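Notes to accompany the following structure.
What you see is a predicted model; the values in this text were computed from it and never measured.
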Amino acid sequence: MLLDDFSELEKTRHEKMLRLRAEGTEPYPTRSSKNMSNAEAIKAFEAAEAKGESEVPDVVLAGRIRAIRDMGKLCFAHIEDGSGKIQLFLRVNELGEEKMAGFIRDFDISDFIEASGSLTRTRRGEITLMVHDFSMLAKALLPLPADKDQVIDGETVRHSVLTDPETRYRQRYVDLAVNPEVREIFKARAKVVSTVREYLDERGYLEVETPILQPIYGGAAAKPFTTYHNQLHQELFLRISFELYLKRLIVGGLDRVYEIGRDFRNEGVSFKHNPEFTQLELYEAYTDYHGMMRIAEEMISKAAFKLNGHYKIQYDGQEIDLTPPWPRLSIRQGLIDFAGIDIIDYPTIESLETLLKEREIPFRPGSPRGKLIGILMETYIEPRLIQPTFLCDYPRDISPLAKNVPGDPSTVERFEIFIGGVEMGNAFTELNDPLEQEKRFMEMAKAYAADDEEQHPMDHDFVRSLAYGMPPTGGMGIGIDRLVMMLTGKNTLREVILFPHLRKIED
RNA sequence: GGGCGCGUAGCUCAAUGGUAGAGCAGCGGCCUUUUAAGCCGUUGGUUCAGAGUUCGAUCCUCUGCGCGCUCACCA
């Protein structure tokens, strides 16, 4: 029970709550008669002042008490609502002895209060509500972590800020309540998503929703979460991508589709991996991966501009310029530039394995050639791609859903977007040859036959859909969490996911 | 999953093989324009949990739990 664990401090608050109730004041009243936000109040006062008035009467404000400065016969407090903070000024002349004492006795920092009165400016010049009356809106039994703002030369310095990552993520409500900049991150996130929607909607894309519970998972190489439908006696997987369903829609004649939703991958957690994450996938008929590059650079730079008013972001101590167009770099050229390796010179698995051994790069024996090239790419290219870059033309045997580069059977028209050395997205010219697709599925099944965890199941219905004919198509996936992390300059996904995954703990 | 690090009051942090302290918040005072308000006084701890070593452990050792970093994994 909540009360059983109360500290002395919390018991004191509980007693205050009970006392209010005993005195006939409901500590959790049903409604508020707040008639403007704190930000509106400040605007209203400034407007009145511009007209030569020194007061705005009949204002009812409400919010969470964030600071109390009690001076006996008068008292200042700051309250905060979703729009910001404003100061309250309580004076015994206005309120009377009893009411004034009641405030000091019953109200604490983090309680929600409603106060009516008139707006004025204090001697120190702060726009303030001169309180004529006040009441409790919600008593807080647990105190929020104490923090204080100090303004030095116009800059706000915060003291005793809640920083413990575990508390911040497990009790995000406390983090949000106490750290205004955290609220800003999630406003930024919402803005990025709405900018993306706006961009795609303007281009005739249809937003769709496809199954999260899937009888066959696919579209990426990842371990799925499994679940079970009791009535149907059926094993189900939480999707690892939307790809195979969205391409079925292209077959069906929905020429431009996108979905923003959650993917689930049963894998390790890191600064750039969360078991569930938000993905944008989009598919457009009659275009290819070049078309996807144009969309990516336009859409992402637009999101950055809407957020910050310019194309530059600070990430991990470096300035990143998102101004389009972004450079295109083939994996082959990248390896020549950064590693002095031309993969054309290493046509066989054996020659690549020798190269990797020489360079003391670990790899799993028995990997296909494309996988080894992938390892070289991760080692030499990815960390260098700080400025936004399309890394193009991937090995075929690690890209079973992408179409070949014409005339080059070992390479496919695929790119990944790198910003700040982190993969932001993945796109390709979609494979639309049904027999080739079926063959690729079988190759993957063979390649991973020994590895139970990475079984890549054949999706016969998807192959069948392609057999009905899919037009040439470009498709792309962009990790929204990673994008927001980059655009807000955070160094971990956990900062941009409201409730990041943490280990279960006994409460 | 491996390696390294961390876990002390509600929050931010000190300290020591001899039984834990500060600021903020809380509580009691003083103060009629403050803003990290100030001043005086004061409460508050299973030092993450358990076991071991020791006369004595918050400190040393081990195990567990949680968090962080990192490696692996992640077409």
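- Note: CZ (A:Phe271) to P (B:rC73) measures 15 Å, nearest angstrom.
- Residues of residues 236-247 of chain A that place a heavy atom closer than 4.0 Å to RNA chain B do not occur.
- Contact check on A:Asp106 versus A:Lys139 returns no salt bridge, with no Lys/Arg side-chain nitrogen under 4.0 Å from an Asp/Glu carboxylate oxygen.
- No engagement by A:Leu142 is indicated, since no non-hydrogen atom pair under 4.0 Å with the nucleic acid exists.
- Rounded to whole Å, the separation between the C1' atoms of B:rG3 and B:rC73 comes to 15 Å.
- Side-chain atoms of A:Glu10 come within 3.5 Å of backbone N or O of A:Ser7 as a donor-acceptor pair.
- Across all strands shown, B:rU53 forms no Watson-Crick or G-U wobble pair with both distances under 3.5 Å.
- The only option from A:Thr379, A:Ile375, A:Ile381 that meets the side-chain contact (heavy atoms from CB on, under 4.5 Å) definition with A:Met377 turns out to be A:Ile381.
- Taking atom NZ of A:Lys11 as the reference point, atom P of B:rU43 lies 17 Å away to the nearest angstrom.
- Rounded to a whole Å, the CG atom of A:Leu88 is 18 Å from the P atom of B:rU33.
- A:Arg503 CZ: 12 or fewer foreign heavy atoms inside a 6.0 Å radius.
- For B:rU12, the base has no donor-acceptor partner in the side chain of A:Thr163 [N/O atoms by modelled type, under 3.5 angstrom].
- Contacts of A:Leu176 classified as side chain to side chain contact (heavy atoms under 4.5 Å, CB included), with partners at least two apart in sequence or in another chain: A:Arg172, A:Val182, A:Arg183, A:Phe186, A:Leu498.
- Although no hydrogens or angles enter the test, the distance criterion places no donor-acceptor pair under 3.5 Å between the side chain of A:Asn93 and the main chain of A:Gly96.
- Between the C1' atoms of B:rC39 and B:rU8, the separation comes to 30 Å (whole Å).
- The residue A:Tyr394 sits apart from the nucleic acid: no heavy atom pair falls under 4.0 Å.
- When both pairing distances are held under 3.5 Å, B:rG5 makes a Watson-Crick or G-U pair with B:rC67.
- Residue-level contact check: A:Arg66 touches neither bases nor backbone, having no heavy atom under 4.0 Å from any strand.
- Taking atom C1' in both B:rA22 and B:rG45, one finds a spacing of 15 Å when rounded to whole Å.
- Residues A:Lys403 and A:Asp433 are not paired through a salt bridge, judged by the lack of any N-O separation under 4.0 Å between the basic side chain and the carboxylate.
- At the phosphate of B:rU34, neither OP1 nor OP2 sits under 4.0 Å from any side-chain N or O atom of A:Arg121.
- At B:rC74, none of the side-chain N or O atoms of A:Arg265 fall inside 4.0 Å of OP1 or OP2 (strictly under the cut-off).
- Under the salt bridge (charged side-chain N to carboxylate O under 4.0 Å, His left out) criterion, A:Glu353 pairs with no residue at all, not counting sequence neighbours.
- Taking the C1' atoms as reference points, B:rU53 lies 7 Å from B:rU61, given to the whole Å.
- On the C1' atoms, B:rA9 is 23 Å away from B:rG50, given to the nearest whole Å.
- Other residues, nucleotides and ligands contribute at most 12 non-hydrogen atoms within 6.0 Å of the CD atom of A:Glu98.
- Taking the side chain to side chain contact (heavy atoms under 4.5 Å, CB included) definition, one finds that A:Lys272 meets it with A:Ser270, A:Val422, A:Arg482, sequence neighbours left out.
- Near RNA chain B, meaning a heavy atom under 4.0 Å from it, residues 472-485 of chain A has no residue at all.
- A side-chain donor from one of A:Thr128 and A:Gln87 sits under 3.5 Å from a side-chain acceptor of the other.
- Going from the P atom of B:rG18 to that of B:rC59 covers 11 Å, rounded to whole Å.
- Listed for the A:Thr122 side chain is a donor-acceptor partner under 3.5 Å among the backbone atoms of A:Glu126.
- Dense packing is recorded around CD of A:Glu23, with more than 12 heavy atoms of other residues, nucleotides or ligands lying under 6.0 Å away.
- Straight-line distance from the CG atom of A:Leu502 to the P atom of B:rC65: 16 Å, rounded to whole Å.
- The partner of B:rG23 is B:rC11, judged by Watson-Crick or G-U wobble contacts that both fall below 3.5 Å.
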Margin query: How would you summarise protein contacts on nucleotides 1-7 of chain B per nucleotide, using B for base, S for sugar-phosphate only and - for none, with heavy-atom distances below 4.0 Å?
Written below: -------

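- Applying the ring pair (Phe, Tyr, Trp, His ring centres under 6.0 Å) rule to pairs touching residues 91-130 of chain A yields A:Phe103-A:Phe107, A:Phe103-A:Phe134, A:Phe107-A:Phe134, sequence neighbours excluded.
- In this structure, a donor-acceptor pair under 3.5 Å is absent between the side chains of A:Glu49 and A:Ser54.
- No contact: A:Glu10 has no heavy atom under 4.0 Å from any strand.
- With sequence neighbours excluded, no residue forms a ring-ring contact (aromatic ring centres under 6.0 Å, His included) with A:Phe462.
- In this structure B:rU43 sits in no base pair that meets the Watson-Crick or G-U test at under 3.5 Å.
- Not counting sequence neighbours, A:Pro383 has no partner by the side chain to side chain contact (heavy atoms under 4.5 Å, CB included) test.
- For B:rC30, the paired base is B:rG38 (Watson-Crick or G-U wobble, both distances below 3.5 Å).
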Check: Could you run down nucleotides 23-32 of chain B 5' to 3' and tag each one B, S or - for protein heavy-atom contact under 4.0 Å?
Finding: BBB-S---BB

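- Here A:Lys371 does not pair with A:Asp397 in a salt bridge; the nearest charged N to carboxylate O distance is not below 4.0 Å.
- Comparing the same atom, C1', in B:rU47 and in B:rU16 gives a spacing of 12 Å after rounding to whole Å.
- Residues passing the ring-ring contact (aromatic ring centres under 6.0 Å, His included) test with A:Phe89 are A:Phe76, sequence neighbours excluded.
- One atom, CD1 of A:Ile375, and another, P of B:rC71, lie 16 Å apart when rounded to the nearest Å.
- OP1 and OP2 of B:rU33 both lie 4.0 Å or more from every side-chain N or O belonging to A:Arg124.
- Taking CD of A:Glu46 as the start and CD1 of A:Ile127 as the end, the distance is 4.5 Å to the nearest 0.5 Å.
- Of the residues in residues 164-174 of chain A, those with a non-hydrogen atom less than 4.0 angstrom from any atom of RNA chain B are A:Asp164, A:Pro165, A:Glu166, A:Arg170.
- Going from atom NE2 of A:His501 over to atom P of B:rG68 covers 11 Å, rounded to whole Å.
- Here A:Ser399 lies out of heavy-atom contact (under 4.0 Å) with every strand.
- Per the geometry, CD belonging to A:Gln150 stands 15 Å off C1' belonging to B:rU12, to the nearest Å.
- A donor N or O paired with an acceptor N or O is found under 3.5 Å between the base of B:rU34 and the side-chain atoms of A:Gln87.
- Heavy-atom distances to RNA chain B give each of A:Leu162 and A:Asp149 a nearest nucleotide, and the one nearer the 5′ end belongs to A:Leu162.
- Across the C1' atoms, B:rG17 and B:rU34 are found 49 Å apart, a figure rounded to whole Å.
- Contact annotation: A:Arg69 reaches the phosphate of B:rA37 (side-chain N/O to OP1 or OP2, under 4.0 Å).
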